[in-house]
Amino acid sequence: MTSHLLRKPQSQSIGEGITLIQEVLTANSPLEYVGFKLIDLAVGAVYEQTVEQDECCIVALTGKITVSEGEHRFENIGTRESVFEKKPTDSVFVSGGASFTVEAMTPATVALCYSPALEPRPTKLLPASGVGVVHRGKYNNQRMVHDILPDSDPSASSLLVVEVYTEGGNFSSYPPHKHDRDLLPEESLLEETYYHELAPKQGFVFQRVYTDDRSIDETMAVEHRNVVIVPAGYHPVGVPDGYTSYYLNVMAGPKRIWKFYNEPDHEWILNRD
Ligand SMILES: O=C[C@H](O)[C@@H](O)[C@H](O)CC(=O)O
């Protein structure tokens, strides 16, 4: 039986040249803050949306797109044909009330990351050149993180977006951590989604989502273009040998601070020399 936290990709035509692959909304998930949509665009296809109460980070996951909103027009953005080129890409941030279009200049895949617009913010390009690249971990929990929209960047009022690369034989989001209590300075409350890709794409990763009281305890085999929903709890990912894992994280909650809490049983691994 498939976990209620795992979403397999769909392939639903929602417009000329526009295919909906993933759609996680507050209306169809246990989430209250985070929304996520993944669309494939054929050349020339134009996706349009008005975000009422949400802000949105439009990530040019692959291919070239042109994003327009009001007097803003960001032409031919996007830096890669595959996420596994492992280089940062361009994104555009729009705030609540914005009406925007995304036009595909080449075949493209676009991630639309949503959260409540707590305060107005200007529309802006988040260029690849501004994405921080962080190498985290040691031994077999090494991974590379691209900080697309980290909490240190005030461009957004609630939204956080990062992408993470983990090579085979390694774990990421590990040691297990959580951020499901509004209890600063100890911990912040952030819901999260994981959009996963695998190379080669027949691969899978293991992801466990679980709480201290085990009221949530789901261990999933996660495949290419799957989404894992993390309403609460720890959420480590393990990558089998031979495969490279990619995931895009969207996080949001009442306060835009990423303060996670490591599971005490496993925090010791951080203390090795
Ligand atoms: O809470 C954030 C997510 O779990 C990932 O972005 C995680 O931090 C990635 C990592 O550090 O391995």
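As the structure lists them, so they are numbered: ligands from 1, and atoms in each ligand from 1.
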Self-check item: side-chain hydrogen bond (donor to acceptor under 3.5 Å, both in side chains) pairs, two or more places apart, involving residues 6-19
Solution: Lys8-Glu223
Quiz item: Please walk me through it: do Glu218 and Arg208 pass salt bridge (Lys or Arg N to Asp or Glu O under 4.0 Å)?
Solution: CA-CA 6 Å; Glu218 305 279 335; Arg208 184 183 180 193; over 6 Å; no
Quiz item: Would you say the side-chain atoms of Asn141 pair up with the backbone N or O of Lys138, donor to acceptor, closer than 3.5 Å?
Solution: yes
Quiz item: Of Tyr195, Tyr165, Phe36, Tyr194, which meets ring pair (Phe, Tyr, Trp, His ring centres under 6.0 Å) against Tyr247?
Solution: Tyr194
Quiz item: Sequence neighbours excluded, which residues qualify as side chain to side chain contact (heavy atoms under 4.5 Å, CB included) partners of Glu75?
Solution: Thr66, Arg73
Quiz item: For ligand 1, what are the residues with a heavy-atom contact below 4.0 Å?
Solution: Arg136, Arg143, Val162, Val164, Ser172, Ser173, His177, His179, Glu192, Tyr194, His235, Tyr247, Asn249, Met251, Trp258
Quiz item: Which residues satisfy the side chain to side chain contact (heavy atoms under 4.5 Å, CB included) test with Lys259, sequence neighbours excluded?
Solution: Leu184, Ser188, Ile257
